[in-house]
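Data first, discussion second: the structure below is written as structure tokens.
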Number of protein chains: 4
Amino acid sequence: MDEFIARGFAATRLDDIARRAGVAKGTIYLHFKDKESMFEELIRTAIVPFVSRLTTPPAPGGSVRDMVEALAKMFLQEVAGTRRADLVRLIIAEGPRFPAIADFYYREVVSRGLAAMRALIQLAITRGEIREPNLVAYPQLMIAPMMVAVLWKSLFERHAPLDAEAMLQTHLDLIFGARRPQ
Amino acid sequence: MDEFIARGFAATRLDDIARRAGVAKGTIYLHFKDKESMFEELIRTAIVPFVSRLTTPPAPGGSVRDMVEALAKMFLQEVAGTRRADLVRLIIAEGPRFPAIADFYYREVVSRGLAAMRALIQLAITRGEIREPNLVAYPQLMIAPMMVAVLWKSLFERHAPLDAEAMLQTHLDLIFGARRPQ
Amino acid sequence: MDEFIARGFAATRLDDIARRAGVAKGTIYLHFKDKESMFEELIRTAIVPFVSRLTTPPAPGGSVRDMVEALAKMFLQEVAGTRRADLVRLIIAEGPRFPAIADFYYREVVSRGLAAMRALIQLAITRGEIREPNLVAYPQLMIAPMMVAVLWKSLFERHAPLDAEAMLQTHLDLIFGARRPQ
Amino acid sequence: MDEFIARGFAATRLDDIARRAGVAKGTIYLHFKDKESMFEELIRTAIVPFVSRLTTPPAPGGSVRDMVEALAKMFLQEVAGTRRADLVRLIIAEGPRFPAIADFYYREVVSRGLAAMRALIQLAITRGEIREPNLVAYPQLMIAPMMVAVLWKSLFERHAPLDAEAMLQTHLDLIFGARRPQ
DNA sequence: GATGAATGAGGCTTCATTCAT
DNA sequence: CATGAATGAAGCCTCATTCAT
């Protein structure tokens with residue numbers, strides 16, 4: 001994974017993968033059909049453990065805003081600025097050339113994440129925490145700033161550092177209403 | 001550009017570029033030092049004409065919301081779902097391996113686009129169109145849904161079509177307040 | 001070696017080397033970093049076994065002239081008119097473009113050969129076999145005719161055959177005095 | 001010539017030649033059939049003006065030794081340590097691959113030079129300046145130290161500087177007898 | 001005559017894949 | 001199962017040569 005993340009699919013050498021894995025090059029072919037299927041399987045394997053994190057419903061105690069905030073902070077801490085941010089970049093980069101991966105990613109991560117988010121938005125609307133009813137149709141709006149933060153860290157952090165958590169607060173204020181209007 | 005967009009830097013063959021350009025392979029080297037600098041120059045060339053579009057201030061007549069909306073619609077129409085969306089994907093994908101490109105893109109597009117957006121946000125706050133004062137610190141929040149729309153079109157449109165303009169309206173409602181709450 | 005000798009460094013094709021070696025082209029790169037280092041290593045390898053021959057002191061029995069003569073004849077037989085003569089030509093030809101080779105050749109062959117020759121000249125002067133004392137400063141003078149013979153065989157033999165051994169006798173007569181002036 | 005001398009035939013680029021000549025690449029083909037024939041003609045052209053120098057009989061006034069010495073010094077000054085030394089090296093290097101050049105060089109330079117030298121040796125023997133009668137059969141022996149000096153300057157001067165003129169004196173002492181035995 | 005942009009064959013090198021051990 | 005030497009297809013790049021202007 002680290003090799004593919006660092007160089008992309010085409011520029012990654014099986015030699016380097018084998019060396020880092022501590023096995024001989026031939027050994028790879030005992031486990032994978034070829035480079036492509038290895039790439040696809042590795043991406044899948046890397047995503048799976050993260051899926052359960054995303055779909056575990058947050059502690060249902062407090063406000064929906066608190067739940068969304070907890071989810072978003074977890075996402076930022078576990079993804080933005082880590083190797084996983086580059087995994088997101090890798091999927092964006094290679095997705096069109098590996099439809100199987102884009103499909104898998106949509107099915108396992110995107111659609112589930114959006115469904116969970118949509119449920120939270122619905123709940124917030126019901127409770128009156130969110131006033132914009134159309135938001136339920138576009139849960140992407142809730143997630144967009146996190147995506148941008150992840151890509152920003154990966155591409156532009158050295159040009160202009162971004163305080164992702166502060167941005168998140170402003171974002172939540174926009175959606176849930178400012179916390180301390182007074 | 002089309003070749004690089006379709007396959008990424010490493011997987012693109014100069015043979016194909018030459019064939020599509022209708023020249024012999026050697027001819028490429030009369031114009032570019034090597035594959036890398038060709039890639040960088042092509043990206044630059046593809047971006048430049050778009051920069052002026054982004055930085056041209058919108059007709060200052062009506063409300064700020066109208067100006068932002070006009071800008072955003074233009075962006076969606078000219079980028080999302082077109083080849084330019086793939087150019088954005090390409091920059092995200094290859095940025096880390098071509099710092100010169102990431103630098104150029106940040107300098108020419110990102111920082112300028114954000115500055116223009118920040119000015120509009122400031123104006124809207126002054127006029128009372130936007131109530132959230134912190135937004136001026138995070139113009140990325142204004143742009144994030146457009147980025148997500150662009151990537152969505154490129155990666156997941158076939159799984160679940162996205163009505164980007166409708167999403168944009170909801171986004172603007174969140175920021176400027178719903179148009180017709182009544 | 002044969003390929004490099006026949007065509008020089010630049011004009012030699014790795015294809016031909018591989019074919020002659022009975023391996024695939026890629027196999028070469030398991031043993032050598034690139035064409036240049038292969039050339040350098042091959043030259044080194046070809047020279048090494050000859051160095052010991054040169055520095056083995058001749059049987060110390062008879063006169064110094066006999067020792068020098070034995071050495072020179074060995075040199076002529078083993079080099080002039082053989083592939084090794086072309087190796088000398090190759091080093092002369094490519095030396096300036098491969099300083100590493102010129103350095104190695106000077107260190108391993110030239111300086112050692114001259115040192116050995118200087119010792120013999122010194123001995124001969126001590127014993128009174130050679131009357132010209134300055135010769136010890138220019139052992140190159142002792143060796144020059146052999147060098148010329150080697151190059152002659154390689155370049156002009158077909159224009160005018162050279163009896164190198166007879167020329168050697170005349171040379172030795174000049175230095176040690178004619179054998180049978182009477 | 002300078003380009004061929006600096007890199008050898010195969011590694012020299014017509015681009016560089018044209019640039020240095022101040023003409024366009026195509027212009028070369030108005031004067032030469034191809035790279036090979038250009039090389040051959042250039043070598044010929046470079047040699048010709050030197051031939052007359054070599055064959056001009058030295059001032060016949062003094063001793064033969066003085067005449068040989070004048071000739072040899074001229075050769076050393078005009079060749080050793082100059083670009084012409086590299087021309088000699090070039091001919092040695094490319095001779096076998098360009099028989100036409102080797103032929104020309106033998107006919108115009110080597111055979112004439114040796115003939116001139118042979119005549120001088122014959123004269124010296126007649127006059128009693130040289131006692132070794134066989135030398136007339138091997139004029140190469142007279143010239144060998146100069147060849148070695150030329151190659152030495154080109155290849156090993158930086159390892160061990162050679163005082164070619166002092167070496168020449170010792171060489172002449174060997175052949176003509178030491179100047180001041182007392 | 002002169003130009004130099006264009007050509008494309010050919011060279012060096014890389015690397016995914018195989019297979020005898 | 002594991003190895004890693006060997007393969008050879010394929011890619012990047014160079015450069016002698018051509019030819020329309």
Side-chain angles (χ1 to χ4, degrees), chain A residues 3-4 7-40, chain B residues 3-4 7-19 21-39, chain C residues 3-4 7-19 21-39, chain D residues 3-4 7-40:
Chain A
E3 292 291 329
F4 280 128
R7 299 197 226 306
F9 174 76
T12 293
R13 290 182 293 263
L14 290 190
D15 247 333
D16 292 340
I17 290 176
R19 181 166 30 253
R20 185 188 285 235
V23 300
K25 235 190 316 181
T27 308
I28 290 174
Y29 287 85
L30 300 175
H31 299 276
F32 301 98
K33 181 177 153 292
D34 56 14
K35 195 187 176 187
E36 281 202 20
S37 64
M38 173 167 49
F39 179 64
E40 297 187 358
Chain B
E3 292 289 330
F4 280 128
R7 305 203 207 326
F9 174 77
T12 293
R13 290 181 296 260
L14 289 187
D15 251 338
D16 292 341
I17 290 176
R19 180 164 30 252
V23 300
K25 240 186 315 177
T27 308
I28 290 174
Y29 290 86
L30 300 177
H31 300 277
F32 303 98
K33 187 180 149 290
D34 56 13
K35 194 185 175 189
E36 278 201 24
S37 65
M38 173 167 47
F39 179 64
Chain C
E3 291 291 330
F4 280 128
R7 303 205 206 329
F9 174 78
T12 292
R13 288 182 297 260
L14 289 186
D15 251 337
D16 292 340
I17 291 176
R19 182 165 27 255
V23 298
K25 242 187 311 177
T27 307
I28 291 173
Y29 290 85
L30 299 176
H31 300 277
F32 303 98
K33 183 180 152 291
D34 56 15
K35 195 184 174 189
E36 279 201 22
S37 65
M38 173 166 50
F39 181 64
Chain D
E3 293 291 331
F4 280 128
R7 300 196 224 307
F9 173 77
T12 292
R13 287 183 294 263
L14 290 190
D15 248 333
D16 292 340
I17 290 176
R19 180 166 29 254
R20 185 189 286 236
V23 300
K25 235 189 316 179
T27 309
I28 290 174
Y29 287 86
L30 301 175
H31 299 277
F32 302 98
K33 182 176 153 290
D34 56 14
K35 194 184 175 190
E36 281 201 20
S37 65
M38 173 168 47
F39 180 64
E40 296 186 358

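A note on names: the letters A, B, ... follow the listed sequences, proteins ahead of strands, and every chain is numbered from 1. Atom set for the values below is all heavy atoms of this structure, side chains included, hydrogens, waters and symmetry mates excluded.
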Closest contact, heavy atoms only, [X] versus [Y]:
| X | Y | answer |
| --- | --- | --- |
| D/Ala10 | C/Ala10 | CB-CB, 3.6 Å |
| A/Ile28 | A/Leu14 | CD1-O, 3.8 Å |
| D/Lys35 | D/Thr12 | NZ-O, 2.9 Å |

Report the distance from atom [atom1] of [X] to atom [atom2] of [N], rounded to the nearest whole Å.
| X | N | atom1 | atom2 | result |
| --- | --- | --- | --- | --- |
| D/Arg13 | E/dG10 | CZ | P | 20 Å |
| B/Asp16 | F/dG11 | CG | P | 8 Å |
| D/Arg19 | F/dC15 | CZ | P | 11 Å |
| B/Asp15 | F/dC12 | CG | P | 7 Å |
| A/Ile17 | E/dT17 | CD1 | C1' | 14 Å |
| B/Ile28 | E/dG8 | CD1 | C1' | 12 Å |

### Query
Under a 3.5 Å cutoff on both atom distances, Watson-Crick or G-U, what's the dot-bracket for DNA chain E ([ ] crossing, | other strand)?
.||||||||||||||||||||
The side chain of [X] is closest to which nucleotide in this list: [options]?
| X | options | result |
| --- | --- | --- |
| D/Ala24 | E/dT3, F/dG11, F/dT7 | E/dT3 |
| C/Leu14 | F/dA6, E/dC12, F/dG11 | E/dC12 |
| A/Lys25 | E/dA16, E/dA6, F/dC12 | E/dA16 |

### Task
Would you mind telling me which residue lines up with the more 5' stretch of DNA chain F, C/Thr27 or B/Gly26, judged by nearest nucleotide?
C/Thr27
Report the distance from atom [atom1] of [X] to atom [atom2] of [Y], rounding to the nearest 0.5 Å.
| X | Y | atom1 | atom2 | result |
| --- | --- | --- | --- | --- |
| B/Lys25 | B/Arg19 | NZ | CZ | 9.5 Å |
| D/Glu36 | D/Glu40 | CD | CD | 6.5 Å |
| D/Arg13 | D/Arg20 | CZ | CZ | 12.0 Å |
| B/His31 | B/Met38 | NE2 | CE | 11.0 Å |

### Task
Please check if the side chain of B/Asp34 supplies one atom and the backbone of B/Ser37 the other of a donor-acceptor pair under 3.5 Å.
yes
### Message
Among residues 29-39 of chain D, which ones have heavy-atom contacts with DNA chain F below 4.0 Å?
### Response
D/Tyr29, D/Asp34, D/Lys35
### Task
Please work out whether the ring planes of B/Phe4 and B/Phe9 are parallel, tilted or perpendicular, with thresholds of 30° and 60°.
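Because their plane-to-plane angle is under 30°, the rings of B/Phe4 and B/Phe9 count as parallel.
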